[in-house]
Enquirer: 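Provided herewith is a single structure, encoded as structure tokens, for subsequent inquiry.
Computed from a prediction, not measured in an experiment: that's the story for all the values here. We number each residue from 1, following the sequence as shown.
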Amino acid sequence: MPDEASGSHRVARVLGVSAVLVFAAIFLAPMLKTGYISDDVVSSLMPGMTKFTGQSVVSRTLSHMRSSMLEGRFYPLVWLQYYAVFFSLQNVLLYKSFILAMVLLDLLLFVVFVRMSARDDGLALLAATLTVPLFQFRAFFDPILAFHGLLQFIVAGILLSLLSLQRFLEGRGRVWLVLSVMTFLACCLAYEVCYPLVFLYVPSIASGCRDWRSRWTTFRPYLTAVGACVTLSILMRWLHPSPSYIHGVSHDPSAIVVAMATQTSSALPLSYFLADPAGLFTDAHGFSAILRWMARPDAGIVTALASLVVGICLRSRPAALAETVPAVPSGRLGVLPQVGLLLAVLPAVMIAISSRYQAQIRFGKGYLPVYVQYFGVGLLLAWLIRSALDRLASRVALTRVARVALTVVVGITTCLTYRANCTTAVGLVSPPGSRTFNQEAAWNDGIWHDRRNNLEAALHAGLLDDVPEHSQVILEN
């Protein structure tokens with residue numbers, strides 16, 4: 001009988017995770033039409049540039065590492081990931097599909113992490129489901145629409161590191177601690193925004209270790225890793241001082257606090273739609289206009305999926321897992337809100353101390369680390385909702401009303417965000433003169449998407465096969 005129950009629980013778990021991933025894939029599908037935007041417009045040309053200049057991939061990678069250090073930034077591993085992606089994925093649809101697959105991997109790891117922490121399938125699925133509507137496309141530097149999957153790698157690395165730490169705290173051996181620290185170090189060497197994330201490990205270590213000495217012994221390797229990276233970053237700027245650093249450090253406390261709040265606001269539900277800094281959503285002003293704007297078959301499908309998955313998650317109870325998994329270690333349930341809060345706030349630190357980003361970010365218009373913050377906000381929302389429903393557990397009628405209300409709210413939020421994403425995706429690749437052209441969206445250079453596709457199609461069709469090597473081609477426009 002226990003084996004039969006265990007099997008049914010396993011099937012239910014797989015079906016639940018599959019439903020969340022299908023929902024996320026459909027929700028994010030509009031990104032597949034956005035083409036190369038922002039830095040990707042030039043970065044995607046690296047294979048051709050390397051061939052044209054006669055450089056090898058290794059020499060060009062080392063050159064980029066060196067030049068970034070001369071600019072005062074120490075993140076050498078990013079260039080390995082950068083070249084690996086653009087040299088192996090030279091088709092824009094394949095490239096966008098890769099980023100989408102990485103987002104789905106992050107969501108899967110997120111489910112595993114929450115479930116391991118709380119021993120609660122419903123909470124894990126709810127956290128992932130609530131995170132999906134937080135993914136907002138922006139006519140700005142966007143971590144999902146561009147930047148070679150960097151932030152997706154960062155989130156995957158951080159989650160794998162936290163999962164490895166949990167294994168170590170459960171007594172699985174010290175090799176898991178080494179793996180956790182090395183994975184975190186790799187994230188720090190790929191993007192400096194990870195430096196403050198060292199404090200993500202404090203709640204798990206504090207609840208999993210019995211005394212202060214063991215807590216310090218466990219936390220010290222993480223602190224050493226980030227300390228070495230910070231030291232090398234400072235050393236780079238000391239050895240190569242320059243007044244032209246685009247990432248100058250701000251020392252204004254009030255500006256830093258405001259930038260922290262502004263960056264974090266971008267991870268909140270509907271923040272970009274409500275702020276509308278590019279004026280993309282003028283057709284959705286007024287109640288009746290919003291209803292017409294939302295009334296599309298694809299939006300209805302996404303809304304129905306979100307409502308269905310959330311409804312299932314809200315009815316799921318952790319008691320169903322009691323026979324199949326060990327009990328939660330003492331204090332571990334309290335880790336989730338702390339980790340959620342830290343994930344939602346800490347990625348904003350390195351952005352907030354940058355003078356450049358202080359001037360660029362606005363409410364709802366955050367920089368790349370907002371992708372990490374989505375997961376923190378999603379986890380916090382799931383924990384708050386589950387805690388509120390647990391308090392209402394004795395009042396059955398009120399609990400049912402609360403579940404229905406929450407399902408409706410999530411469905412509407414998902415629909416609005418999906419429609420906003422669709423509109424942004426179209427605006428990013430609309431050429432001048434078209435009805436959907438947007439001046440601020442054009443700043444991201446996606447307006448050349450169709451022309452580039454035409455040129456690439458012509459090249460692949462052999463249009464220039466008879467043109468002598470090293471000829472200069474002048475386009476009519």
Side-chain angles (χ1 to χ4, degrees), residues 20 23-24 26-28 30-31 103 106-107 110 114 123 125-140 142-145 151 155 260-278 280-281 284-285 287 290-291 293-294 299-300 302-311 313-314 336-337 340-341 343-345 347-348 361-389 402-425:
V20 172
F23 161 54
I26 295 175
F27 179 85
L28 293 171
M31 69 174 287
V103 175
D106 289 344
L107 288 170
F110 189 49
V114 176
L123 180 61
L125 293 175
L126 181 62
T129 304
L130 295 179
T131 300
V132 174
L134 300 177
F135 295 147
Q136 301 167 77
F137 299 168
R138 294 176 172 84
F140 187 54
D142 193 274
I144 295 178
L145 301 181
L151 273 297
V155 168
M260 282 276 295
T262 303
Q263 172 68 21
T264 304
S265 75
S266 302
L268 299 178
L270 295 173
S271 56
Y272 190 69
F273 171 73
L274 296 173
D276 194 14
L280 286 164
F281 315 124
H285 290 175
F287 183 72
I290 289 178
L291 289 180
W293 195 63
M294 296 168 62
V302 170
T303 304
L305 275 173
S307 301
L308 176 63
V309 177
V310 168
C313 293
L314 293 179
L336 286 180
L341 181 62
L343 266 177
V345 175
I361 60 176
R362 296 287 184 272
F363 170 72
K365 184 183 173 182
Y367 195 58
L368 301 182
V370 70
Y371 179 78
V372 186
Q373 295 174 277
Y374 291 146
F375 291 85
V377 173
L379 180 54
L380 278 177
L381 289 175
W383 181 81
L384 288 171
I385 289 172
R386 174 49 64 85
S387 299
L389 290 178
R403 286 174 180 166
V404 172
L406 287 168
T407 302
V408 171
V409 169
V410 173
I412 293 174
T413 302
T414 301
C415 186
L416 285 170
T417 308
Y418 174 78
R419 285 292 290 117
N421 285 351
C422 290
T423 302
T424 303

Enquirer: Side chains of Cys415 and Met294: closer than 4.5 Å at any heavy-atom pair?
Expert: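 Result yes, sub-4.5 Å side-chain heavy-atom pair found.
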
Enquirer: Rounded to the nearest 0.5 Å, what separation is found between the CZ atom of Arg138 and the CG atom of Leu368?
Expert: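 Answer rounded to 0.5 Å: 10.5 Å.
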
Enquirer: If you look at every heavy atom in Ala275 and Gly364, which pair is closest and at what distance?
Expert: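 Scanning both residues, the minimum pair turns out to be CB-CA, 4.5 Å.
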
Enquirer: For a 4.5 angstrom cut-off between non-hydrogen side-chain atoms, does Gln263 reach Val370?
Expert: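 Yes, at least one pair of side-chain atoms sits under 4.5 Å.
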
Enquirer: What distance separates Met31 CE from Thr424 OG1, expressed to the nearest 0.5 Å?
Expert: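 Between atom CE of Met31 and atom OG1 of Thr424 there are 13.5 Å.
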
Enquirer: What distance do Thr131 atom OG1 and Phe375 atom CZ have between them, rounded to the nearest 0.5 Å?
Expert: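 Rounded to the nearest 0.5 Å, the OG1-CZ separation comes out at 6.0 Å.
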
Enquirer: Any heavy-atom pair between the side chains of Leu107 and Phe135 that's under 4.5 Å?
Expert: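 Touching, per the 4.5 Å side-chain cut-off.
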
Enquirer: Measure the acute angle between the ring planes of Phe281 and Phe273, then classify it against the limits of 30° and 60° as parallel, tilted or perpendicular.
Expert: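 Taking Phe273 first and then Phe281, their aromatic rings sit tilted (interplane angle of 30° to 60°).
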
Enquirer: Could you tell me whether the side chain of Thr417 and the main chain of Leu270 form a donor-acceptor pair under 3.5 Å?
Expert: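 No, the answer is negative, given that no donor and acceptor are paired below the 3.5 Å cut-off.
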
Enquirer: Which heavy atom of Thr407 sits nearest to which heavy atom of Ser307, and what is that distance?
Expert: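 Shortest heavy-atom separation between Thr407 and Ser307 comes out as CG2-O, 3.4 Å.
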
Enquirer: Of all heavy-atom pairs between Thr264 and Ala344, which one has the smallest distance, and what is that distance?
Expert: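 Minimum heavy-atom separation between Thr264 and Ala344: CG2-O, 3.5 Å.
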
Enquirer: A side-chain contact here means heavy atoms from C-beta on lying under 4.5 Å apart; do Tyr418 and Pro30 qualify?
Expert: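 Touching, per the 4.5 Å side-chain cut-off.
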
Enquirer: Under the ring-ring contact (aromatic ring centres under 6.0 Å, His included) rule, collect the residues that match up with Phe137, sequence neighbours excluded.
Expert: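 Partners of Phe137 under the ring-ring contact (aromatic ring centres under 6.0 Å, His included) test: none.
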
Enquirer: Side-chain contact, heavy-atom cut-off 4.5 Å: Asp276 with Leu280?
Expert: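 Of all side-chain heavy-atom pairs linking Leu280 with Asp276, at least one is under 4.5 Å.
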
Enquirer: Using a 4.5 Å cut-off on heavy atoms from C-beta on, say whether the side chain of Thr129 contacts that of Cys313.
Expert: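 Side chain of Cys313 against side chain of Thr129, heavy atoms only: contact under 4.5 Å found.
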
Enquirer: Any idea which heavy atoms bring Ala267 and Gln373 closest together, and the distance?
Expert: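 Looks like CB-CB, 3.7 Å.
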
Enquirer: Would Val372 and Leu343 count as a side chain to side chain contact (heavy atoms under 4.5 Å, CB included) here? Give the steps.
Expert: CA-CA 7 Å; Val372 186; Leu343 266 177; 3.7 Å; yes

Enquirer: Going from CG on Leu305 to CD1 on Ile26, what distance comes out if it is rounded to the nearest 0.5 angstrom?
Expert: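 Spacing of CG (Leu305) from CD1 (Ile26) equals 5.0 Å.
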
Enquirer: Mind listing the closest non-hydrogen atom pair of Leu123 and Ala382 along with its distance?
Expert: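 It is CD1-O, 3.6 Å.
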
Enquirer: May I ask you to decide if Phe110's main-chain N or O and Asp106's side chain share a donor-acceptor pair within less than 3.5 Å?
Expert: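 No; judged by distance alone, with no hydrogens or angles, the pair does not exist.
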
Enquirer: When you measure from the side chain of Tyr272 to the backbone of Ala139, do you find a donor-acceptor pair of N or O atoms at a distance under 3.5 Å?
Expert: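 Side chain of Tyr272 to backbone of Ala139, a donor-acceptor pair under 3.5 Å: yes, one is there.
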
Enquirer: Could you check if a side-chain atom of Val132 sits within less than 4.5 angstrom of a side-chain atom of Thr414, using non-hydrogen atoms only?
Expert: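 Val132 does not reach Thr414 side chain to side chain.
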
Enquirer: For Phe27, does its backbone N or O pair with a side-chain atom of Asn421 as donor and acceptor, under 3.5 Å?
Expert: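 Absent.
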
Enquirer: Can a donor-acceptor pair be found, under 3.5 Å and without considering hydrogens, that links the side chain of Arg386 to the backbone of Leu126?
Expert: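 Side chain of Arg386 to backbone of Leu126: no pair is present.
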
Enquirer: Measuring from Tyr374:OH to Ser266:OG, what's the distance to the nearest 0.5 Å?
Expert: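 Interatomic distance, Tyr374 OH to Ser266 OG, rounded to 0.5 Å: 7.5 Å.
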
Enquirer: Mind listing the closest non-hydrogen atom pair of Pro269 and Leu381 along with its distance?
Expert: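 Taking every non-hydrogen atom into account, CG-CD1, 4.3 Å.
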
Enquirer: Which value, rounded to the nearest 0.5 Å, describes the distance between Ile385 atom CD1 and Trp383 atom CH2?
Expert: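 If we round to the nearest 0.5 Å, Ile385:CD1 and Trp383:CH2 are 12.0 Å apart.
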
Enquirer: Tell me whether Arg419 contacts the main-chain N or O of Trp293 through its side chain, where contact means a donor paired with an acceptor under 3.5 Å.
Expert: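 Yes, because the side chain of Arg419 sits within donor-acceptor range (under 3.5 Å) of the backbone of Trp293.
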
